[in-house]
Amino acid sequence: MFSFNRLKHVVRHDWTSVRKNYFILMAVLFMVQLISSGLFQIHSAREIFYLGMIIALGMMTFAEYTDRNRRIGVLLLPATTAEKYASQWLLSFVFVPVSVMVAVSLGETLGVGLKWLSWGQWHWASWLTSVNWPSFLVGLLGLESIAFAGALFFRKNGALKTWACVAAYAIVMFFVMIAIILFKFRHFVEDGGGTMYFSTDEYISQFKLYVESVDVGMWWGTATAIAVITLVVSAFLQVWTYFRLKEEEGQQ
Amino acid sequence: MIEIKNLKFGYRKNQNVLDGVDLSLEPGRIVGLLGKNGVGKTTLMQLMSGVLFPTQGTVTVLGREPRKREAECLSQLFMLPEEMPEVHLSIDKYMKINAPFYPDFSETDFVEYLREWEITDLRQSLAKLSLGTRKKVFIAFAFAANTPLLVLDEPTNGLDIPSKTVLRKLLRIKASENRLIVVSTHQVRDIKNILDAVVILDDTHVLLNADVERICDKLYFGIADGSENPDEVLYSEPSVAGTQIVRPNRGGEECDVDVELLFNAAFNAKQKIMELFNK
């Protein structure tokens with residue numbers, strides 16, 4: 001039976017085991033954003049947020065499951081799988097993004113404050129006020145779900161392996177798309193849609209014209225379709241992670 | 001308390017570490033789980049605790065299957081692994097975040113057991129302690145959890161001689177009618193004279209499972225006096241006092257079980273031992 005009282009103890013247990021790394025990371029993110037927006041006036045809050053999220057999730061999600069000896073301890077902790085899962089979910093899907101957002105925003109605001117003292121310009125965490133929240137939250141959910149599942153799928157260096165897989169997948173997909181576009185382009189030219197080309201420069205200019213004429217939505221889907229796919233994949237990854245945790249064994 | 005039926009387990013397909021193990025262990029005992037290196041002692045303990053899942057067969061602890069990892073079941077058992085995790089917390093903090101999971105945990109006991117090992121500063125970081133001292137902290141926590149089932153995997157590894165003496169003392173204190181303590185070791189001298197029962201594992205199965213009284217009924221441990229028939233001696237080895245022997249008990253002969261001799265006899269005369277105990 002799920003017990004909220006036990007969940008409270010599991011959260012406390014999980015939080016205590018990662019809090020040192022957490023505070024160091026938050027301080028680093030805050031300082032990086034403070035320096036970049038204050039001293040160098042680089043508006044990099046969004047990039048630092050995503051980078052911070054990737055590092056934070058890699059360091060904290062299922063942190064105790066990566067070490068063989070600690071894994072035995074946490075598997076035998078007297079709490080249900082649902083409680084252990086819920087604790088990690090709260091940490092990765094709520095606590096980490098909120099605190100990374102706060103650290104980066106505070107860094108930016110303080111950096112801008114320093115700039116204001118010198119030049120009289122002031123704004124409050126501009127990246128948060130300009131963000132497209134539905135897309136941002138869906139993207140964040142996708143990122144968190146991948147990190148969540150990857151941390152349990154790969155035992156050692158889970159974050160590194162997860163993002164390497166995501167990068168490899170993205171690269172393959174990119175080349176697949178390019179191949180499809182080139183294939184379509186060739187047929188387009190052969191069907192009399194373009195003039196013949198005799199040099200590389202002509203080929204590239206023809207190709208550019210073709211790509212610009214193509215309806216992007218045809219290739220990539222609309223924003224809604226991408227959001228729906230992301231939500232479905234995220235839900236699948238979260239369910240998969242639960243069952244993976246349930247079947248997790250502490251190898252000798 | 002522990003019922004194991006037709007247990008099979010292997011880390012690889014068609015390579016069983018345990019094959020067809022049947023075992024029943026009752027509370028109120030300290031059971032020594034003995035066997036050569038790599039025979040499957042740790043694996044069996046991890047299966048008893050729910051760290052690993054059986055390939056076939058069942059393991060039940062207090063009527064529940066540990067592989068389901070129900071909170072109620074896990075709070076009734078404590079397994080101390082051989083290798084200690086590196087925990088970056090103070091002793092005090094470690095206790096505070098783990099104790100709430102064990103309903104019968106006693107902070108007074110924990111502090112007392114640590115004091116037996118002369119560990120008094122609970123603000124020390126566990127990560128900065130030596131391996132042996134860290135092990136003492138985890139053993140003290142395991143004992144203070146007051147769970148009905150206590151599974152200790154090679155608890156004497158890394159402990160010095162005085163610490164082993166304290167461990168034996170604590171084991172005697174913790175042994176009670178309602179508690180089962182399973183201790184695995186390949187250093188049988190460390191736990192001799194405290195065991196109530198012995199389980200010897202050999203090559204995927206249980207070679208011997210008997211309590212000390214039954215072993216005394218069946219076997220005689222003593223010094224050779226020349227009257228014994230060489231064919232009936234199951235094992236012998238020279239010692240300062242003379243030649244130590246293990247032979248079948250002729251009936252009513254009093255002796256103390258020497259776990260090390262028993263272990264050697266079990267491997268030296270497997271068939272005879274199995275016949276004696278299966279009678």
Side-chain angles (χ1 to χ4, degrees), chain A residues 1-25 59-60 62-88 91 152 155-156 241-252, chain B residues 9-11 17 38 40-55 66-90 93-105 125 127 134 138 141-142 145 147 149 151 153:
Chain A
M1 282 289 284
F2 192 93
S3 155
F4 282 99
N5 187 43
R6 244 186 344 246
L7 174 63
K8 185 183 78 186
H9 295 309
V10 180
V11 170
R12 191 174 168 217
H13 181 276
D14 289 350
W15 160 242
T16 310
S17 64
V18 295
R19 65 180 174 175
K20 195 177 169 188
N21 288 342
Y22 167 84
F23 283 122
I24 293 170
L25 181 63
M59 279 165 62
M60 291 171 209
F62 293 110
E64 288 196 284
Y65 293 77
T66 56
D67 175 81
R68 188 185 62 174
N69 297 325
R70 288 169 77 195
R71 185 163 60 240
I72 291 176
V74 76
L75 287 177
L76 293 183
L77 197 71
T80 62
T81 305
E83 287 153 6
K84 289 172 190 170
Y85 177 86
S87 167
Q88 289 294 327
L91 189 75
L152 217 53
R155 283 200 171 135
K156 234 175 179 181
T241 308
Y242 173 76
F243 286 102
R244 183 75 179 77
L245 180 63
K246 205 173 166 64
E247 294 301 312
E248 181 74 5
E249 290 183 73
Q251 294 300 328
Q252 196 182 357
Chain B
F9 179 83
Y11 290 100
V17 178
K41 300 187 293 290
T42 299
T43 302
L44 183 59
M45 290 185 135
Q46 293 189 341
L47 286 157
M48 284 175 185
S49 314
V51 176
L52 297 173
F53 303 154
T55 314
R67 68 154 291 162
K68 289 182 180 167
R69 296 202 190 117
E70 295 163 306
E72 292 76 14
C73 179
L74 294 177
S75 67
Q76 299 299 304
L77 67 89
F78 195 100
M79 191 217 166
L80 187 82
E82 182 184 1
E83 288 175 42
M84 297 294 110
E86 204 167 297
V87 181
H88 295 270
L89 293 173
S90 67
K93 193 73 194 169
Y94 175 81
M95 180 197 70
K96 281 187 176 141
I97 64 163
N98 285 289
F101 294 100
Y102 298 94
D104 297 322
F105 182 85
S125 169
R134 210 186 319 158
F138 288 116
F141 186 90
T147 51
L149 173 60
V151 181
D153 191 4

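So that the names make sense, note that chain A is the first sequence line, chain B the second, and so on, each numbered from 1.
- Counting heavy-atom pairs closer than 4.5 Å to chain B, the top-ranked of the candidates A/E83, A/M1, A/R19, A/E64 is A/R19.
- The OG atom of B/S75 lies 10.5 Å from the CG atom of A/L77; values are rounded to the nearest 0.5 Å.
- B/R67 has a carboxylate O that lies under 4.0 Å from a charged side-chain N of A/E247, or vice versa, which qualifies the two as a salt bridge.
- Proximity to chain B (any heavy atom under 4.5 Å) is shown, for A/K8, by neither the backbone nor the side chain.
- Within the 4.5 angstrom heavy-atom criterion, no atom of B/F78 approaches chain A.
- Residues passing the salt bridge (charged side-chain N to carboxylate O under 4.0 Å, His left out) test with B/E70, sequence neighbours excluded: B/R64.
- In this structure, the portion of B/E72 lying under 4.5 Å from any heavy atom of chain A is its side chain and not its backbone.
- Closest non-hydrogen pair, B/F53 versus A/E249, comes out as N-OE1, 2.8 Å.
- Nearest heavy atoms, B/R69 versus A/L245: NH1-O, 4.1 Å.
- Between A/T16 and the choices B/K93, B/H88, B/K96, the side-chain contact (heavy atoms from CB on, under 4.5 Å) rule is met once, by B/K93.
- Contact detail for B/F101 and A/R6: the closest heavy-atom pair is CE2-O, 4.3 Å.
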Is there a side-chain contact (heavy atoms from CB on, under 4.5 Å) between A/L75 and B/L74 once you walk through the steps?
CA-CA 9 Å; A/L75 287 177; B/L74 294 177; over 6 Å; no
Mind running side-chain contact (heavy atoms from CB on, under 4.5 Å) on B/E83 and A/I72 for me, showing each step along the way?
CA-CA 10 Å; B/E83 288 175 42; A/I72 291 176; over 6 Å; no
